[in-house]
J.: 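Quick one: the structure is below, and I'll ask about it shortly.
The structure displayed is predicted, hence computed values, not measured ones.
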Amino acid sequence: MGKIIAVANQKGGVGKTTTAINLSAGLATEVKKVLLVDADPQGNATSGSGIDRLGQRKTLYDALTGKAEVKDIVLPTEMPTMWVLPSDKNLAGIEIELADDPDRANVLKRLLDPIRDYFHYIIVDCPPSLGILTVNGLTAADSLLVPIQCEYFALEGVTELFETLARLKRELNPNLTIEGLLLTMYDERTNLSTAVAKDLRDFYGPQVLKTVIPRNVRLAEAPSFGKPIISYDIRSRGAESYIELAKEILSHG
């Protein structure tokens with residue numbers, strides 16, 4: 001049965017979508033079948049995987065509202081073992097669409113459970129908020145991967161997220177575990193990055209992953225070409241770090 005990992009942080013600009021795309025691609029290079037679920041109305045995981053988000057097609061919105069089957073929406077990428085469940089701006093209206101559904105936190109889980117066996121990993125890119133889409137992602141997931149930018153307010157954001165997580169585990173998904181905290185946008189030349197990394201490791205210990213994602217120009221360029229960093233520039237530091245991350249996640253089983 002495939003493992004579902006939600007990539008979430010209520011703080012924006014922490015490398016969440018970059019991580020969702022490139023972890024998926026990294027796992028695919030290890031010959032794992034991977035589905036990337038774009039649960040963010042901005043659709044950046046869709047376009048960053050090489051899929052035109054303006055195309056006239058069904059998206060996750062149609063699946064969540066019962067207008068389409070997931071199997072009819074999933075799209076291939078240029079990587080042979082990576083697929084995308086695309087998003088578009090319509091997804092922003094899902095809060096209203098599901099308002100009267102008493103089981104609205106479980107809609108995504110009900111969609112993904114029947115297809116889990118087709119994939120080794122399902123990666124869910126959640127929006128940078130704690131709204132209904134993120135709640136659905138965390139309810140459907142087996143584990144949570146939290147990208148954290150190495151900057152001043154990082155610890156504060158993680159504390160808030162863990163409080164939400166504790167409540168969600170109590171009420172909706174008691175089996176949800178922490179896949180790990182991932183340090184992103186790490187700049188070894190600055191004292192701040194080093195200090196934040198040390199604080200997080202001191203505070204959260206082994207929950208902080210060994211892999212660190214550096215600030216990297218090639219990594220920032222890749223989405224504008226609709227490619228994961230592994231396809232765009234496999235020799236870059238960004239690509240090396242995401243391949244390392246994929247191997248670390250694989251080692252967790």
Side-chain angles (χ1 to χ4, degrees), residues 5-27 29-30 40 44-45 48 121 123-130 134 137-138 141-166 176-223 228-230 232-253:
I5 301 175
V7 183
N9 189 330
Q10 79 275 24
K11 204 169 180 311
V14 297
K16 180 183 54 61
T17 298
T18 299
T19 294
I21 295 168
N22 291 301
L23 171 59
S24 298
L27 290 166
T29 61
E30 297 289 326
D40 188 338
N44 292 335
Y121 287 90
I123 308 295
V124 183
D125 181 34
C126 299
S129 70
L130 293 171
T134 299
L138 294 175
D142 300 306
S143 64
L144 167 65
L145 177 63
V146 187
I148 301 168
Q149 185 181 354
C150 292
E151 52 100 72
Y152 184 68
F153 292 115
L155 271 167
E156 204 173 273
V158 181
T159 307
E160 280 176 37
L161 187 65
F162 273 43
E163 285 168 4
T164 303
L165 189 64
L176 184 65
T177 62
I178 301 290
E179 191 68 38
L181 308 180
L182 175 68
L183 301 174
T184 62
M185 303 181 196
Y186 182 81
D187 188 343
E188 63 206 7
R189 297 166 301 176
T190 68
N191 291 336
L192 181 60
S193 277
T194 309
V196 170
K198 183 181 184 304
D199 284 351
L200 283 163
R201 290 194 191 282
D202 287 348
F203 203 74
Y204 291 105
Q207 287 186 318
V208 181
L209 296 169
K210 293 187 185 76
T211 306
V212 173
I213 309 299
R215 278 198 183 277
N216 182 249
V217 174
R218 304 297 274 171
L219 196 52
E221 289 172 353
I229 186 62
I230 289 159
Y232 181 61
D233 185 355
I234 195 155
R235 288 182 297 279
S236 66
R237 286 183 67 214
E240 287 169 5
S241 61
Y242 274 110
I243 289 168
E244 196 180 311
L245 174 64
K247 287 178 175 166
E248 187 169 356
I249 298 296
L250 282 168
S251 74
H252 294 172

J.: When you compare the side chain of I229 with that of I21, does any pair of heavy atoms fall below 4.5 Å?
T.: no
J.: Evaluate the side-chain proximity of K16 to D40: yes if any heavy-atom separation is below 4.5 Å, no if none is.
T.: yes
J.: Check the surroundings of atom CG in D202: do more than 12 heavy atoms from other residues, nucleotides or ligands lie under 6.0 Å from it?
T.: yes
J.: Using a strict 4.0 Å threshold on nitrogen-to-oxygen distance, state whether R218 and E221 make a salt bridge.
T.: yes
J.: Do any N or O atoms from the side chain of S129 and from the backbone of Q10 form a donor-acceptor pair under 3.5 angstrom?
T.: no
J.: Using modelled atom types only, decide if a donor and an acceptor are shared between the side chain of E179 and the backbone of I5 within a distance under 3.5 Å.
T.: no
J.: Checking the side chain of D187 only, and the main-chain atoms of R215 only, is there a donor and an acceptor separated by less than 3.5 Å?
T.: no
J.: Of all heavy-atom pairs between G26 and A246, which one has the smallest distance, and what is that distance?
T.: C-CB, 3.5 Å
J.: Less than 4.5 Å apart, side chain to side chain, heavy atoms only: is that true for E244 and E248?
T.: no
J.: Between T184 and I213 (side chain of the first, backbone of the second, donor and acceptor by atom type, cut-off under 3.5 Å), is there such a pair?
T.: no
J.: Hey, are the side chains of Y121 and I249 touching, using non-hydrogen atoms and a 4.5 Å cut-off?
T.: yes
J.: Going through the distances and angles, do L219 and N22 end up as a side chain to side chain contact (heavy atoms under 4.5 Å, CB included)?
T.: CA-CA 9 Å; L219 196 52; N22 291 301; 3.9 Å; yes
J.: Please find the pair of heavy atoms, one from M185 and one from G15, that lie closest to each other, and give the distance.
T.: CE-N, 3.5 Å
J.: Considering only heavy atoms from C-beta outward, does the side chain of L27 approach that of L250 to under 4.5 Å?
T.: yes
J.: In Å and rounded to the nearest 0.5 Å, what is the OG1 to CG distance from T17 to N44?
T.: 5.5 Å
J.: Please assess L138 against V124 for the test side chain to side chain contact (heavy atoms under 4.5 Å, CB included), listing each intermediate value before the final yes or no.
T.: CA-CA 9 Å; L138 294 175; V124 183; over 6 Å; no
J.: Could you check P147, C150, P214 and say which one makes a side-chain contact (heavy atoms from CB on, under 4.5 Å) with L183?
T.: C150
J.: Taking atom types as modelled and ignoring hydrogens, do the side chains of T19 and Y242 form a donor-acceptor contact shorter than 3.5 angstrom?
T.: yes
J.: Taking it one step at a time, do L209 and L145 satisfy side chain to side chain contact (heavy atoms under 4.5 Å, CB included)?
T.: CA-CA 10 Å; L209 296 169; L145 177 63; 3.6 Å; yes
J.: With a 4.5 Å limit on heavy-atom distance, are the side chains of T164 and T134 in contact?
T.: no
J.: Write down the atom of S193, the atom of Y186, and the distance for their closest heavy-atom approach.
T.: O-CE1, 3.5 Å
J.: Would you mind reporting whether I243 and I234 have side-chain heavy atoms less than 4.5 Å apart?
T.: yes
J.: Just to verify, which of L181, V146, I148 counts as forming a side-chain contact (heavy atoms from CB on, under 4.5 Å) with Y204?
T.: L181
